[in-house]
Amino acid sequence: MTNQYELMVILDPEIDERTVAPSLDKFLNVIRNDGGSIDKVDVWGRRRLAYEINKKAEGIYAVVNFTASPAATTELDRQLSLSEAVMRTKVLRAEEGFAQVAAAKKASDEKAARKAAAPSKAPEAKPDATATAE
C-alpha cells in the first residue's frame, strides 16, 4: 500500500544551495528503490528561522512530495535524521494535510456565514443639519 507524503527539510545554511537538490536526491533513492515515486522537489532556499537551531538563525528549506510505502518513508526519515547537514525534518501524509486545510476552510466559511446572518448594527441616520436650519 502506498500513500502520498509531503516532506519538509531544513538544511544547514553553511552548505552550498546548488548542492541541495543533488544531496536530497541521494536520500530520495530510498523511496525509488522501494518502488515509490518522487512527484515534486521544491527548494525554497535560505530562510530565517523562527528560533535558533544548533545556534543557527537561518536554514535552507526544501519540500518534497512523493508517493511511497510507510516503511520506505520511515527509512527515509531515519536516514535524514542521521545526516549532519539536516537540521529538521517533518513528514506528513498528504491526505491528512488536505483534511486539515478543508476543515479550516469549512470553519472559516461557517464563521463568515454567521457574520453575514447576524443583524448589522448600522448607525441611525441623522437629519441633515442644513435642512433644519430654514
Nearest 0.5 Å please: distance from the [atom1] atom of [X] over to the [atom2] atom of [Y].
X	Y	atom1	atom2	value
L7	T89	CG	OG1	6.5 Å
I53	K55	CD1	NZ	14.5 Å
Q79	K26	CD	NZ	9.0 Å
L82	D77	CG	CG	10.0 Å
Y61	R46	OH	CZ	12.5 Å

Are [Y] and [X] connected in a single hydrophobic cluster, I mean Ile/Leu/Val/Met/Phe/Trp/Tyr linked by side-chain heavy atoms less than 4.5 Å apart?
X	Y	answer
L11	I38	yes
M8	Y5	no
L92	V41	no

Item to complete: List the steps, then state whether side chain to side chain contact (heavy atoms under 4.5 Å, CB included) holds for V9 with F27.
Response: CA-CA 11 Å; V9 181; F27 290 113; over 6 Å; no

Fill in: E17 and V43: CA distance, side-chain angles, deciding distance, side chain to side chain contact (heavy atoms under 4.5 Å, CB included) verdict
CA-CA 9 Å; E17 286 189 46; V43 179; 5.7 Å; no

Worksheet item: Do E75 and R78 meet the salt-bridge criterion of a basic N to acidic O distance under 4.0 Å?
Response: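 Yes.
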
Worksheet item: Hey, does V91 have a side-chain heavy atom less than 4.5 Å from the side chain of L76?
Response: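 Not touching, per the 4.5 Å side-chain cut-off.
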
Practice prompt. Determine, stepwise, if the pair N3 / T73 fulfils side chain to side chain contact (heavy atoms under 4.5 Å, CB included).
Written response: CA-CA 10 Å; N3 297 314; T73 304; over 6 Å; no

Item to complete: For the pair N65 and Q4, evaluate side chain to side chain contact (heavy atoms under 4.5 Å, CB included) and give the outcome as yes or no after the intermediate values.
Response: CA-CA 7 Å; N65 295 327; Q4 288 186 327; over 6 Å; no

On a heavy-atom basis, which atom in [X] and which in [Y] lie closest, and how many Å separate them?
X	Y	value
K56	P13	CD-CD, 3.6 Å
I15	D12	CG1-O, 3.2 Å
I10	G59	CG2-CA, 3.9 Å
L49	M87	CD1-CE, 3.7 Å
V30	A72	CG1-O, 3.9 Å
S69	D34	OG-OD2, 2.6 Å

Worksheet item: How would you list, by chain and number, every residue that makes a side chain to side chain donor-acceptor pair (under 3.5 Å) with R18, sequence neighbours excluded?
Response: D16

Discussion item. Would you say that more than 12 heavy atoms from the other residues, nucleotides or ligands in this model lie under 6.0 Å from the CD of E110, or not?
Written reply: yes

